[in-house]
Novice: 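Submitted below is the structure of interest, expressed as structure tokens.
Residues: numbered from 1 along the sequence shown.
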Amino acid sequence: MVAKARAAKPKEEATRIVIRPKAVDDAAMLAVGFLDRLLFGGSPFVYGLLFLPVSAATALWVRGADLVTAPISVPIAFAVGVVPIAGGEGGFGGHAMALVTALAVHAGWLYGGTLVAGLITCVRKVRLMGRRQRAAAAAPPRAAATAQRRP
């Protein structure tokens with residue numbers, strides 16, 4: 001009976017439409033990379049500067065159940081988006097070496113965005129745990145509720 005009541009009770013986060021932040025931040029950073037290449041000639045400073053708000057938005061947008069995914073997906077989005085500004089010539093090998101070099105040279109932006117996402121998700125997790133503790137403290141104890149139902 002109790003399990004049915006819990007299953008029937010919709011959770012706030014379960015009712016939202018879930019779009020994986022990984023896909024959104026990958027697409028956003030790829031668009032930022034192409035716009036940076038088009039408007040600023042592939043400036044790493046502009047790309048890194050725009051990476052920070054995308055990291056923060058990803059960490060704020062992710063569901064409470066998926067908080068651990070934000071600091072993981074943000075560096076992948078950085079790597080996806082750096083492809084247009086990495087440059088490189090001479091086929092696949094030249095482009096791959098340019099990508100690895102760009103990732104190594106601009107690691108500070110990568111670490112900064114990951115730190116932003118990590119800090120935001122840590123704060124959100126602490127607040128979520130506090131809300132759950134307050135809700136558990138306000139709820140009646142389960143042992144007393146089940147003892148009253150037994151014949």
Side-chain angles (χ1 to χ4, degrees), residues 1-139 142:
M1 185 75 157
V2 175
K4 287 182 181 179
R6 284 190 197 141
K9 183 180 175 183
K11 293 184 178 181
E12 173 190 335
E13 292 185 349
T15 58
R16 288 192 292 179
I17 296 174
V18 178
I19 299 174
R20 298 287 177 212
K22 166 96 178 73
V24 174
D25 64 356
D26 284 352
M29 287 312 299
L30 191 60
V32 165
F34 278 118
L35 286 174
D36 181 21
R37 182 176 173 184
L38 180 69
L39 300 175
F40 301 105
S43 169
F45 177 75
V46 172
Y47 179 78
L49 199 61
L50 292 175
F51 174 64
L52 298 177
V54 170
S55 300
T58 300
L60 290 170
W61 189 14
V62 71
R63 297 183 315 157
D66 297 332
L67 282 173
V68 72
T69 63
I72 295 169
S73 67
V74 165
I76 297 168
F78 184 88
V80 167
V82 84
V83 170
I85 67 166
E89 296 177 7
F92 177 75
H95 287 290
M97 288 303 296
L99 177 64
V100 170
T101 302
L103 288 172
V105 171
H106 308 301
W109 290 110
L110 176 63
Y111 294 149
T114 305
L115 180 67
V116 166
L119 288 174
I120 291 172
T121 54
C122 284
V123 168
R124 285 187 60 201
K125 183 65 174 180
V126 167
R127 292 185 67 197
L128 181 65
M129 289 174 16
R131 268 189 256 136
R132 286 182 183 166
Q133 276 186 336
R134 285 190 297 276
R142 289 186 187 185

Novice: Give me the atom names and distance for the closest heavy-atom approach of Asp26 to Ile76.
Specialist: OD1-C, 4.0 Å
Novice: List the atom of Gly64, the atom of Leu128, and the distance in Å for their closest heavy-atom pair.
Specialist: O-CD2, 4.1 Å
Novice: Which atom pairs, donor and acceptor, lie under 3.5 Å between side-chain atoms of residues 95-123 and protein residues at least two apart or in another chain?
Specialist:
| residue | atom | partner | partner atom | Å |
| --- | --- | --- | --- | --- |
| His95 | ND1 | Gly87 | O | 3.1 |
| Thr101 | OG1 | Met97 | O | 2.7 |
| Thr114 | OG1 | Leu110 | O | 2.8 |
| Thr121 | OG1 | Ala117 | O | 2.9 |
| Thr121 | OG1 | Gly118 | O | 3.0 |

Novice: For Leu60 versus Arg124, what's the shortest heavy-atom pair and its separation?
Specialist: O-NH1, 3.3 Å
Novice: Restricting to non-hydrogen atoms, name the atom on Val74 and the atom on Ser55 that form the minimum distance, rounded to 0.1 Å.
Specialist: CG1-OG, 3.2 Å
Novice: Please list, one pair per line, the donor and acceptor atoms closer than 3.5 Å that link side chains of residues 31-53 to other protein atoms, with sequence neighbours excluded.
Specialist:
| residue | atom | partner | partner atom | Å |
| --- | --- | --- | --- | --- |
| Asp36 | OD1 | Ser43 | N | 3.1 |
| Asp36 | OD2 | Ser43 | N | 3.4 |
| Ser43 | OG | Phe45 | N | 3.4 |
| Ser43 | OG | Val46 | N | 3.4 |
| Tyr47 | OH | Phe78 | O | 2.8 |
| Tyr47 | OH | Val82 | N | 3.1 |

